[in-house]
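A quick write-up on the structure given underneath.
Only a predicted model underlies this, so the values are computations on that prediction, with no experimental measurement involved. Throughout, a chain's letter reflects where its sequence line sits, starting with A, and its residues are numbered from 1.
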Protein chains: 2
Amino acid sequence: MSQQRHGSTPGEPGAVPAFPDLPEATVARLPEYLRALHNLGEAGADTVSSEGLAAAAGVNSAKLRKDLSHLGSYGTRGVGYDVALLIEQIEFVLGLDQRRAVGLVGIGNLGHALAGYDGFVSRGFKIVALFDADPDKVGERIHGLTVRHIDELGKVASEENVAIGVIATPAGAAQAVADELVAAGVTSILNFAPCVLSVPPGVDVRKVDLAIELQILSFHEHRKASLTALPGGRSATGAGNQEAVGS
Amino acid sequence: MSQQRHGSTPGEPGAVPAFPDLPEATVARLPEYLRALHNLGEAGADTVSSEGLAAAAGVNSAKLRKDLSHLGSYGTRGVGYDVALLIEQIEFVLGLDQRRAVGLVGIGNLGHALAGYDGFVSRGFKIVALFDADPDKVGERIHGLTVRHIDELGKVASEENVAIGVIATPAGAAQAVADELVAAGVTSILNFAPCVLSVPPGVDVRKVDLAIELQILSFHEHRKASLTALPGGRSATGAGNQEAVGS
DNA sequence: CGCGATTTGTGCACGCCTTCACAAGCGCCT
DNA sequence: AGGCGCTTGTGAAGGCGTGCACAAATCGCG
Ligand SMILES: NC(=O)c1ccc[n+]([C@@H]2O[C@H](COP(=O)([O-])OP(=O)(O)OC[C@H]3O[C@@H](n4cnc5c(N)ncnc54)[C@H](O)[C@@H]3O)[C@@H](O)[C@H]2O)c1
Ligand SMILES: NC(=O)c1ccc[n+]([C@@H]2O[C@H](COP(=O)([O-])OP(=O)(O)OC[C@H]3O[C@@H](n4cnc5c(N)ncnc54)[C@H](O)[C@@H]3O)[C@@H](O)[C@H]2O)c1
């Protein structure tokens, strides 16, 4: 399953990257660069400067250059970065050259929306299996996939070579589901349930919690409200604030 | 050194805290503590140690203590933190004492799921208005709310006193919607569309992008795969990894 | 009433990340 | 061919966040 050899540069075999430990902060920004690059590419741009790409991705240009330098990028001084080449580079580093199989557990309100989300397929992923514990849901067909019973997770996950598990069940069931995913050999989990998951070392968990996002916004609202009522007119710009780019 | 005077005790209006600039990292963790505290409270705990709460929230106990110390918390040495009191404290700091009104724009796949999400109401928010541009969607009733046309956003937003806007439209429409939200006086935006928003200073934007989360997981998968094929068996634990706590 | 067990609050050191500023490199124009 | 302007790549500095380790504080118990 692990592919390494991979001529990422068209015509230029070059040395296999065996690439370094990217700073985590950089890794988190690469997808953003990638999206911006795709937009630029579709808009007809062949090259882009760090300034331009930084604007499109909503970050500082120095940061962007440093990020790209970490993966030994191929920019041309005086010109900028080759859009197509950079896309290929980043996709390789992120491991998107192989379309990763995603298994989705919990086909409720959120699960339905996720199952039908085209943003997954267009960004390097493929949902290959849907699971639920509710007998009424099992058998339902959604976007060409049939909902399987959770008990089949182990079998189906290995058959379909599921690399990433997505949990969209109620919080109470999330840990049990995570355990089953891990038992099935899944080593990456995206968790939408508002709870902490316990997983063995080597398994990565990322969490998305909408209420937390709203509460952070609420904090800044609260802060802004008390600031306007006070002297000292700092135009306080919060955390998630973003600059940038017209279309 | 900082102000700790703060009548958060029920029935005590007290002096306005004018509370300090919490580190952003701390703010991002407070909601997690809050959720853990609610769980503990429902489980019947009156007090909790930093160790216990840290485990329930999936963080380091020293970090938790430092976080709480920033908001002048009231822990008791040798005992721990009073659960109910701490809940009140954090909810106050996050501005959750006033239930904030949320306006949701884009009632498609994702929008439907969000509109019916009970996690909003249970965590301090209230969806007060739904908007869409599609005439077929306008008028539809969802969980007691009627979908309004996007043109009514300005009017309805001020009527309902919308504090936070949630964007769940396609990326192409997101910037326009954001502009309208800002024009309507909304100063906090949660954006689900995969694009960078440009907003004036003083407006906070937070973004949730599922594809980015998956791509970060993909990177770690890729890295883990190349590590197992290489010497030096570091059990590399990625970024989002979480420890634990049982129930 | 005093002592030991327990737990908080925090000073401090370390490492990561961000940002500035600039030399080196590249292409284009004359 | 040479110079000029533009852009990348990076050294260095500063700030922020994390985690350790311990003193101070509180409670329960004898
Ligand atoms: N709806 C939203 O917009 C939204 C937003 C953010 C987070 N969430 C979170 O996502 C999760 C799902 O939300 P929802 O609104 O879709 O809830 P839901 O109740 O509509 O769906 C949950 C689904 O999980 C299934 N399920 C329950 N236990 C299971 C198990 N052990 N194995 C497999 N499937 C199981 C249920 O049958 C149901 O179909 C919740 O944790 C919720 O907090 C939802
Ligand atoms: N479906 C998912 O699970 C999912 C997950 C992550 C992110 N997203 C993102 O969320 C957004 C919505 O996704 P979706 O699957 O619900 O798409 P969708 O097409 O089902 O829904 C989009 C809705 O927005 C409405 N809309 C379009 N332009 C509008 C405008 N100018 N003003 C108001 N409403 C407008 C449309 O009428 C439609 O109802 C997209 O940007 C998508 O990338 C979706």
Side-chain angles (χ1 to χ4, degrees), chain A residues 19-30 32-33 37 40 45-83 85-86 89-90 216 237-244, chain B residues 1-4 6 20-30 32-33 37 40 45-83 85-86 89-90 216 236-243:
Chain A
F19 59 91
D21 338 53
L22 256 38
E24 193 54 35
T26 295
V27 174
R29 282 187 295 265
L30 288 181
E32 201 74 52
Y33 303 156
L37 283 166
L40 289 167
D46 288 333
T47 64
V48 63
S49 70
S50 65
E51 203 74 42
L53 181 54
V59 301
N60 183 302
S61 70
K63 197 188 300 190
L64 178 131
R65 285 198 300 276
K66 183 149 292 188
D67 282 341
L68 294 186
S69 78
H70 281 136
L71 43 95
S73 82
Y74 296 78
T76 308
R77 293 166 130 106
V79 176
Y81 298 90
D82 182 290
V83 172
L85 179 59
L86 195 49
Q89 276 267 328
I90 295 179
I216 294 173
T237 301
N241 209 332
Q242 302 177 346
E243 300 287 328
Chain B
M1 42 153 125
S2 59
Q3 287 286 84
Q4 45 216 98
H6 162 257
D21 337 53
L22 256 39
E24 192 55 32
T26 295
V27 173
R29 281 187 295 264
L30 288 181
E32 202 74 53
Y33 302 156
L37 283 165
L40 288 167
D46 288 332
T47 63
V48 63
S49 69
S50 65
E51 202 75 41
L53 181 53
V59 302
N60 184 300
S61 71
K63 197 188 301 189
L64 179 132
R65 286 198 299 276
K66 183 153 295 188
D67 283 342
L68 295 186
S69 77
H70 281 137
L71 44 95
S73 84
Y74 295 77
T76 308
R77 295 168 128 118
V79 176
Y81 299 90
D82 182 289
V83 172
L85 179 59
L86 195 49
Q89 275 265 327
I90 295 179
I216 294 172
T237 302
N241 209 333
Q242 300 176 348
E243 304 285 328

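Of the candidate nucleotides dC17(C), dT18(C), dT18(D), dC17(C) has the atom lying nearest to any side-chain atom of Pro23(A). In this structure, of dG11(C), dG9(D), dT8(C), it is dG9(D) that holds the atom nearest to the side chain of Arg77(A). Here the nucleotide nearest the side chain of Ser49(A), chosen from dT7(D), dG17(D), dG9(C), is dT7(D). Taking every side-chain heavy atom of Ser69(B) into account, dT10(C) is the closest of dC27(D), dT10(C), dT10(D).
Of all the heavy atoms in Gln89(B) and Tyr74(B), the pair that sits closest is NE2-CE1, 3.3 Å. Nearest heavy atom pair, residue Arg65(A) against residue Ser50(A), reads NH1-OG, 3.0 Å.
The distance from atom CD of Glu24(A) to atom P of dC17(C) is 8 Å, rounded to the nearest whole Å. Going from atom NE2 of His70(B) over to atom P of dG9(C) covers 12 Å, rounded to whole Å. Nucleotide dC20(C) holds its P atom 14 Å from the CG atom of Leu64(A), rounded to whole Å. Per the geometry, CG belonging to Asn60(A) stands 17 Å off P belonging to dT10(D), to the nearest Å. Atom CZ in Arg65(A) sits about 16 Å away from atom P in dA24(C), given to the nearest Å. Atom CG in Asp67(A) sits roughly 11 Å away from atom P in dT19(C) (whole-Å rounding). Rounded to whole Å, the distance from CG on Leu86(A) to C1' on dG9(D) is 14 Å.
Looking only at side-chain heavy atoms (C-beta outward), Thr47(B) and Tyr81(B) stay at 4.5 Å or farther from each other. In this structure the side chain of Thr76(A) never reaches within 4.5 angstrom of the side chain of Asp82(A), judged on heavy atoms. The closest side-chain heavy-atom distance from Val59(B) to Leu53(B) is not below 4.5 Å.
The residue Ala25(B) sits close only to the backbone: its heavy atoms come under 4.0 Å of sugar-phosphate atoms, none of a base.
At the phosphate of dT7(D), neither OP1 nor OP2 sits under 4.0 Å from any side-chain N or O atom of Ser50(A).
Taking the nucleotide of DNA chain C with the nearest heavy atom to each of Lys63(A) and Tyr81(B), the more 5' of the two is matched to Tyr81(B). Comparing Arg29(A) and Gly78(A), the nucleotide of DNA chain C nearest to each residue sits closer to the 5' end for Arg29(A).
Not a single donor-acceptor contact under 3.5 angstrom links the side-chain atoms of Lys66(A) to the base of dT10(D).
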